[in-house]
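Sequential numbering from 1 along the given sequence is applied to the chain's residues. Treat the numbers as computed from the prediction; the structure is a model and nothing was measured. We count ligands from 1, going down the list as the structure has it; atoms in each ligand are counted the same way.
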Amino acid sequence: MTSMHPTFAVVGHPNKGKSSIVSTLAFDDSVQISDTPGTTTKKRSFPLTVDGKVLYELFDTPGFQRARRVLAWLEKHEVPASKKHEVVLAFIEAHKDDERFNDEVQLLEPIMAGAGIIYVVDGSKPYGEEYEAEMEILRWTGQPSMALINHIGESDYSQEWKRALGHYFKMVRTFNPMLATFSQHLLLLESMAQLKEEWIAPVNHSIDLFKAYHEQMFERSANAIAKLMYKSLSHVEQFALTQDDASKEEREQIEERYQVVLRGLEQTSQKQIEQIWNHHHLEKEQESLTFEGVDLFSKESASLFGLTRKELLITGATGGAMTGAGIDLMFGGGTFLLGSTIGAVLGGSSAFFGFNELSDVKVLGKSLGTNYLEMGPMKNINFAYILLNRTLFHTTKIASHSHALREIVQLKMGRTFTEKWMDDTLRKSLEKYHTLFRSKDEVKAEVLSEYEVLIKDVLKHLID
Ligand SMILES: Nc1nc2c(ncn2[C@@H]2O[C@H](COP(=O)(O)OP(=O)(O)O)[C@@H](O)[C@H]2O)c(=O)[nH]1
Ligand SMILES: [Mg+2]
């Protein structure tokens, strides 16, 4: 059987990272990965689809269990090399329903159906003779093959592995499914294409599509981030009052609601970004995506992850930090101020040039009789940088997070992260947009696109 698209069977000893490699190469975090050998008992196919077209397909397979016995069975048949694959087919036919050889039958089937072989070994464990029977069996199939050295542990036996593997495989490559970058991934694909001449064109085409798809992931992420920034900074929360003036409870309530909206916007955007990078299963671990005790509104996050005090002062002075009078002016027009402007000082800390406030809470009246309470848009200059820092950090983590990893994502950010992407020039450009987003003016789509380009460049700089 010949397939339209290249297919590869990832095979080897149990617990060498086969499933992890499939997960990474297929950009699929639903592959079953486990410390327990023998987790995979059935072969399973993972097609990589871009725009509804299957680029290539990977088979995750159970590990070899009885390699020596299988080889002994094959070797009983003395046939010329040209007939060896027929003996393997006969083995499958004879053992289809034999539980003892389930794993070997499962792993040989896709190979005999035309899949290229990717033999996975762990270069952190010594080479041993027990692998020879496995490699011999693979040779009997007559299918094109390559070996991949993965490193699960710290030790390095790759030199002896390379010597041994060289006897059985034309191509030997090193690949770490947990740490591989996008370019290493593409390099591996290029090697995989070499397995069959007729695969070179389709795999190269896949690589091109892949690059375009990767570019799209950056664009879509930048778009999600730009929208988050605009929505958060421009958000205005309102509710109608029952009396002329707002009670203490009502004032607290609006502050609470305002913060809930901002948190919600951040969470939604994080989910979107996880979907963009195909991490659908991280959702279940959403609680781990909070920043352990560092909340958007806590004093620590303001001092740690936003602008430094010096940067804040410069930004405030040059960007035209809003004064109380400035804020009042914004409410000219259709609305008029009833109550006095009260600062919603959060975190209980002393205000540092007013930068600790998020926004003002005001009692406004639209028409006679109905007054309402309003909070927003964002007034705090630093908030934009705190939020941007958090979202860039999250995106960087997600984008470089291997699809083979199953542990909880740690999102602990340090001050040095900001230094990785921000300088004075960029901060000035960003502040121009942030000032606009914070104003009550409508922001044009073109302006948002300009901001998106800035963000995309930052992402490209942060993610390799
Ligand atoms: N640190 C590390 N662990 C790995 C790597 N590859 C696999 N593992 C772990 O090794 C175990 C077995 O991996 P799995 O992919 O299920 O192996 P399989 O049995 O060959 O399919 C799992 O706990 C993986 O998380 C690696 O490159 N680095
Ligand atoms: Mg497995």
Side-chain angles (χ1 to χ4, degrees), residues 7-48 57-67 101-111 115-128 130-131 133-135 137-138 145-158 161-162 165 169 172-185 187-188 191-192 278-279 281-282 284-285 288 397 400-410:
T7 60
F8 303 92
V10 180
V11 300
H13 222 60
N15 247 13
K16 300 300 174 198
K18 298 183 294 298
S19 301
S20 303
I21 285 167
V22 169
S23 192
T24 303
L25 293 184
F27 275 93
D28 193 324
D29 61 356
S30 74
V31 180
Q32 230 186 356
I33 290 173
S34 157
D35 292 344
T36 323
T39 303
T40 313
T41 56
K42 287 252 178 305
K43 62 175 181 292
R44 197 182 142 195
S45 130
F46 293 90
L48 186 97
E57 193 175 354
L58 290 144
F59 280 93
D60 190 20
T61 66
F64 281 100
Q65 295 294 341
R66 293 185 161 80
F101 294 103
N102 167 73
D103 292 4
E104 276 78 7
V105 169
Q106 287 290 320
L107 79 90
L108 288 169
E109 268 174 354
I111 296 174
I117 299 167
I118 298 180
Y119 182 66
V120 178
V121 302
D122 178 3
S124 67
K125 300 261 168 60
Y127 172 72
E130 66 270 31
Y131 299 97
E134 297 175 1
M135 296 190 287
I137 295 169
L138 295 176
S145 58
M146 70 185 286
L148 276 193
I149 306 178
N150 179 21
H151 277 91
I152 297 186
E154 294 299 314
S155 316
D156 185 18
Y157 294 93
S158 45
W161 269 109
K162 278 181 188 160
L165 292 167
F169 303 93
V172 179
R173 297 280 184 273
T174 306
F175 186 75
N176 188 317
M178 306 295 179
L179 304 173
T181 60
F182 183 68
S183 41
Q184 287 169 338
H185 189 144
L187 270 178
L188 178 61
S191 305
M192 284 159 63
N278 271 342
H279 283 289
H281 299 269
L282 285 181
K284 291 172 196 153
E285 297 167 14
S288 62
K397 278 273 176 168
S400 24
H401 188 73
S402 162
H403 291 84
L405 282 170
R406 294 293 177 271
E407 61 234 48
I408 291 165
V409 192
Q410 289 299 327

**OP:** May I ask you to identify the nearest protein heavy atom to atom 17 (O) of ligand 1, giving residue, atom name and distance to one decimal place in Å?
**Re:** Gly17 N, 3.0 Å
Original post:
So how far is it from Thr24 OG1 to Met178 CE, rounded to the nearest 0.5 Å?
Top reply: 7.0 Å
Original post:
Nearest heavy-atom pair of Thr41 and Asp103: which atoms, and what distance?
Top reply: O-OD1, 4.1 Å
Subject >> Ligand-residue contact atoms, ligand 1 with Lys16, heavy atoms, under 4.0 Å >> reply: 17 (O), 18 (P), 20 (O)
Subject >> Distance from atom 11 (C) of ligand 1 to nearest protein heavy atom, with residue and atom >> reply: Ser34 O, 3.7 Å
**OP:** Identify the protein heavy atom lying closest to atom 4 (C) of ligand 1, giving its residue, its atom name and the separation to 0.1 Å.
**Re:** Met178 CE, 3.5 Å
Original post:
Relative to each other, are the rings of Phe175 and His185 parallel, tilted or perpendicular (30° and 60° limits)?
Top reply: perpendicular
Subject >> Taking atom 6 (N) of ligand 1 as the reference point, the nearest protein heavy atom with its distance >> reply: Asn150 ND2, 3.1 Å
**OP:** Considering only non-hydrogen protein atoms, determine which one is nearest to atom 15 (O) of ligand 1 and report residue, atom name and distance to 0.1 Å.
**Re:** Ser20 OG, 2.6 Å
Original post:
Which protein heavy atom lies closest to atom 19 (O) of ligand 1, and at what distance to 0.1 Å?
Top reply: Asn15 N, 2.9 Å
Original post:
What is the nearest protein non-hydrogen atom to atom 23 (O) of ligand 1, stated with its residue, atom name and distance?
Top reply: Asp35 OD1, 2.3 Å
**OP:** Using a cut-off of strictly less than 2.8 Å, determine whether Ser20 has an N/O/S atom near the Mg ion (ligand 2).
**Re:** no
Subject >> Nearest neighbour in protein (non-hydrogen) for atom 2 (C) of ligand 1 >> reply: Ile152 O, 3.7 Å
**OP:** Say whether, by atom type as modelled, one donor and one acceptor occur between the side chain of Ser145 and the main chain of Phe169 under 3.5 angstrom.
**Re:** no
Original post:
If you measure from atom 18 (P) of ligand 1 to every heavy atom of Lys18, Glu154, His151, which option wins on shortest distance?
Top reply: Lys18
**OP:** Ignoring hydrogens and angles, tell me if any N or O in the side chain of Glu57 forms a donor-acceptor pair with the backbone of Ser45 under 3.5 Å.
**Re:** no
**OP:** Check whether any side-chain N or O of Gln106 sits under 3.5 Å from a backbone N or O of Lys42 as a donor-acceptor pair, and report yes or no.
**Re:** no
Original post:
Taking Val11 as the fixed residue, which of Asp60, Leu138, Ile137 is the one that meets the side chain to side chain contact (heavy atoms under 4.5 Å, CB included) rule?
Top reply: Leu138
Original post:
Going from CD on Gln65 to CG on Asn102, what distance comes out if it is rounded to the nearest 0.5 angstrom?
Top reply: 9.0 Å
Original post:
Is it true that Gly63 lies under 4.0 Å from ligand 1, counting heavy atoms only?
Top reply: no
